[in-house]
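Below you'll find the structure, written out as C-alpha cells, and then a few comments.
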Amino acid sequence: MFGRRTGSIDVMPLEPATEAAAPVEDVAVAARVAKPDMPAPAPASEKADTGRKSPAYHTLKKEILAALINAIDVSLLGAMEMAQARDEIRAIAGDVMTARKVAISSTQQAELIEDLCNDVLGYGPLEPLLARDDIADIMVNGSDCIYIEVGGRVERTDIRFRDNEQLLNVCQRIVHQVGRRVDESSPICDARLPDGSRVNVIAPPLSVDGPTLTIRKFKKDKLTLAQLVKFGAITPEGATLLEIIGRVRCNVIISGGTGSGKTTLLNCLTGFVEPSERIVTCEDSAELQLQQPHVVRLETRPPSVEGAGEATMRDLVRNCLRMRPDRIIVGEVRGPEAFDLLQAMNTGHDGSMGTLHANTPREALSRIEAMITMGGFSLPARTIRQMMVSSIDIIVQAARLRDGSRRITHITEVLGLEGDVPITQDLFIYDILGEDANGMIIGRHRSTGIGHPAFWDRARYFGEQERLVAALKAAEA
Ligand SMILES: Nc1ncnc2c1ncn2[C@@H]1O[C@H](COP(=O)(O)OP(=O)(O)OP(=O)(O)O)[C@@H](O)[C@H]1O
Ligand SMILES: [Mg+2]
C-alpha cells in the first residue's frame with residue numbers, strides 16, 4: 001500500500017470546499033519534489049470536467065478530492081504504474097465515500113471514482129475517449145466542442161471541459177511530458193502521449209476559440225493487409241500485388257490525404273521485408289511497428305524552448321545513409337529530405353519507402369519536385385524529375401472517401417520521362433460507380449490490364465513473376 005498519510009480514513013475531517021485548497025497546495029509541492037520533470041497535478045479548482053454533471057455532483061467530487069488528496073502521499077503517484085495508482089485512488093475514494101455515507105448508487109459511485117482518477121492522474125474528460133479502441137482521432141476545438149472519428153465518420157461528442165483554462169491545463173500536462181510548454185509566446189506544440197498517440201496543441205492567440213488539441217490515437221495492433229482486405233480497402237489480388245511490391249524491393253511512395261491510411265499502409269508494406277534486412281526508420285513521432293529484429297528507429301526532435309537541439313527529418317535521413325541500412329523508411333516526407341530519400345533509393349537502398357500528402361500519384365510527383373525545389377537545391381527541373389523517375393518505382397495512393405471509408409485507389413508505376421514530363425502507368429485502380437441508399441460509395445477495384453509491368457524483371461529476379469501475373473490477371477475481371 002502506498003502513501004496513506006493516515007492509518008484510517010474515518011479520522012479524516014471533510015473540510016468545507018473553501019478550506020480544501022490547503023492540502024491541494026501540499027500535493028502540488030509534493031508532486032514536484034517527487035518527480036521534477038512531471039507537471040504538478042493541477043489544483044482541484046482547475047480540474048477538467050465534463051461540464052454536464054449537476055452542481056451537487058461537483059460539490060461532492062470536490063470534497064472527496066480534497067479528502068483523497070489529504071489521505072494519500074501523491075508524491076509517490078508519479079513513481080507508480082498507472083494501473084496501480086488508479087487502484088490505490090479507487091480504494092481510498094471508496095473508503096472516503098463509505099466513511100461519508102455518501103448516498104449515491106453504486107454505478108454513480110463507480111463513475112465518480114473514475115472521474116476522480118482521471119482528474120488526479122490523467123487527462124480529465126478525455127480519459128474515456130482515450131480508453132476507447134474504436135476512436136481514431138480526438139479533436140478538441142475549445143473547451144465545449146470535442147469531435148471524434150469513429151469508423152471513418154467524424155462525430156461530435158457531448159463531452160466537454162469546464163472552460164478553456166482547464167483545457168489548457170490538460171494541454172500543458174501533455175506537452176510537459178515532452179519537456180515543452182504552450183503559452184502565448186510559443187502557442188504551437190507537437191507531443192506524444194505515453195501510449196504513443198500523436199498530439200498537436202495550438203493555443204490562443206493563434207487558435208481563436210480556445211486551445212485546440214488534436215490527438216491521433218495510437219493503435220497498438222496496427223491494421224494488417226488482411227484486415228484492409230476485409231474492410232474493402234483493397235481486394236485480395238490488390239493485396240497480393242502490394243505484397244510482391246514489398247518483397248521484390250520496389251522503392252515505394254505512399255501518397256494520400258490526412259488520415260487516409262498512409263502510415264497504416266506503410267506499416268503493412270514493411271511486413272514483407274525480410275527478417276535479415278537492416279531497416280532504419282525516420283519519423284516525427286514513432287508510429288510504425290516493424291516486426292523484424294534488425295530495426296533502428298529514429299525520431300525527429302523539435303527545438304527546445306531556447307531554440308536549440310532541433311533534429312529535422314533531413315538530419316535523420318542524411319544520417320541514415322551513414323548507418324549502412326538495407327532499407328530506409330521515412331514516416332512522412334514533407335521537405336528537403338525528399339532529396340535525400342531519392343538519393344538513398346538511387347544508391348543501393350532498394351525497397352526504401354516513404355509517405356507524403358498528395359491526392360493523386362501525379363500530384364505526389366509534383367509535390368516531391370516542389371519539396372526539392374523549395375529546399376534550396378539549385379538543380380534544373382529536368383534533373384530533379386530524372387532523379388524522381390529513376391528512384392521511385394511505385395506510388396500507392398490512399399484515400400478517405402466522402403462516406404468515411406478508406407480505399408487504396410491507385411497502385412501506379414513510375415516509368416520514366418517523356419521529354420520533360422514524368423510518365424506513370426496505373427496497374428490497379430478503384431473506380432467509383434455510385435452511391436447506395438445510405439450514401440455509402442459503391443465502387444470496385446480492378447487491374448488496368450497491364451500484364452507486364454515495368455518491375456517485371458525485378459519480380460522475376462525474386463522469383464515472384466508468376467504470382468505477379470496471376471494477381472494482375474485475376475484483378476482484371
Ligand atoms: N483501410 C482502413 N480502414 C479502416 N480504418 C483505417 C484504414 N486505414 C487506416 N485506418 C485507420 O485510420 C486512422 C488513420 O490512419 P493512418 O494513421 O494510417 O493515416 P495517415 O494517412 O497516416 O494520417 P496522417 O496524415 O494524419 O499521418 C487510424 O486509426 C487507422 O487505424
Ligand atoms: Mg501518418
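Just so you know, ligand 1 is whichever comes first in the structure, and atom 1 is the first atom listed for that ligand.
- For the residue pair Asp315/Thr312, the side-chain donor-acceptor check at 3.5 Å is satisfied.
- Contacts between Glu149 and ligand 1 below 4.0 angstrom, taking non-hydrogen atoms only, are absent altogether.
- Numbered from 1 in the order shown, with element, the atoms of ligand 1 that lie under 4.0 Å from a heavy atom of Leu228 read 1 (N), 2 (C).
- Atom numbering of ligand 1 starts at 1 in the shown order; those under 4.0 Å from a heavy atom of Arg198 are 24 (P), 26 (O), 27 (O).
- For Lys230, no heavy-atom contact with ligand 1 is shorter than 4.0 Å.
- The protein heavy-atom contact nearest to atom 17 (O) of ligand 1 is Arg216 NH1, 2.9 Å.
- Within ligand 1, counting atoms from 1 as listed, the ones closer than 4.0 Å to a heavy atom of His357 are 25 (O).
- Heavy-atom contacts of Lys219 reach the following atoms of ligand 1: 31 (O) (cutoff under 4.0 Å).
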Evaluate salt bridge (charged side-chain N to carboxylate O under 4.0 Å, His left out) for Arg406 paired with Glu149, printing each intermediate quantity in order. CA-CA 13 Å; Arg406 292 179 169 92; Glu149 196 214 285; 3.0 Å; yes

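- Residue-level proximity to ligand 1 for Thr263 is carried by backbone and side chain together, each with a heavy atom below 4.0 angstrom.
- At least one N or O atom of Gly259 sits closer than 3.5 Å to an N or O atom of ligand 1.
- In this model, a donor atom of one side chain and an acceptor atom of the other lie less than 3.5 Å apart for Gln227 and Thr224.
- Close contacts of ligand 1 with Ala233, meaning ligand atoms under 4.0 Å from a residue heavy atom, involve 1 (N).
- No donor-acceptor pair under 3.5 Å is formed between the side chain of Ser186 and the backbone N or O of Asp183.
- At least one N or O atom of Lys262, backbone or side chain, sits closer than 3.5 Å to an N or O atom of ligand 1.
- Heavy-atom contacts of Phe231 reach the following atoms of ligand 1: 3 (N), 4 (C) (cutoff under 4.0 Å).
- Within the 4.0 Å heavy-atom criterion, neither part of Lys217 lies near ligand 1.
- In this structure, atom 28 (C) of ligand 1 lies nearest to the protein heavy atom Ala136 CB, 4.2 Å.
- Proximity annotation for atom 6 (C) of ligand 1: of Leu356, Leu223, Ile408, Asp133, Leu223 comes nearest, heavy atoms only.
- For the Mg ion (ligand 2), the N/O/S atoms of Thr263 include one lying under 2.8 Å.
- Contact between Gly152 and ligand 1 is absent, with no heavy atom of the residue lying under 4.0 Å from the ligand.
- Protein heavy atom closest to atom 8 (N) of ligand 1, with residue, atom name and distance, is Arg406 CD, 3.6 Å.
- Backbone and side-chain nitrogen or oxygen atoms of Ser260 are examined, and one is located within less than 3.5 angstrom of a nitrogen or oxygen of ligand 1.
- Surrounding CZ of Phe377 are more than 12 heavy atoms belonging to other residues, nucleotides or ligands, all under 6.0 Å away.
- A 6.0 Å sphere centred on CD of Glu155 holds more than 12 heavy atoms belonging to other residues, nucleotides or ligands.
- Counting protein heavy atoms only, atom 30 (C) of ligand 1 is closest to Thr264 OG1, 3.7 Å.
- Side-chain polar atoms of Glu476 and Ser447 form no donor-acceptor pair below 3.5 angstrom.
- Of all the heavy atoms of Asp137, none lies under 4.0 Å from any atom of ligand 1, so neither backbone nor side chain is involved.
- Ile411 CD1 to Ile234 CD1: the interatomic distance, rounded to the nearest 0.5 Å, is 4.0 Å.
- Val252 pairs in a side-chain contact (heavy atoms from CB on, under 4.5 Å) with only one of the listed residues (Asp393, Ile245, Ile392), which is Ile245.
- Within 6.0 Å of CE on Met440 lie more than 12 heavy atoms contributed by other residues, nucleotides or ligands.
- Rounded to the nearest 0.5 Å, atoms CG (Asp284) and CD (Glu299) are 8.0 Å apart.
- Within a 6.0 Å radius of CZ in Arg180, more than 12 heavy atoms belonging to other residues, nucleotides or ligands are found.
- Residue-environment remark: CG (Asp209) stays at or below the threshold of 12 foreign heavy atoms within 6.0 Å.
- In this structure, the protein non-hydrogen atom closest to atom 19 (O) of ligand 1 is Gly261 N, 3.1 Å.
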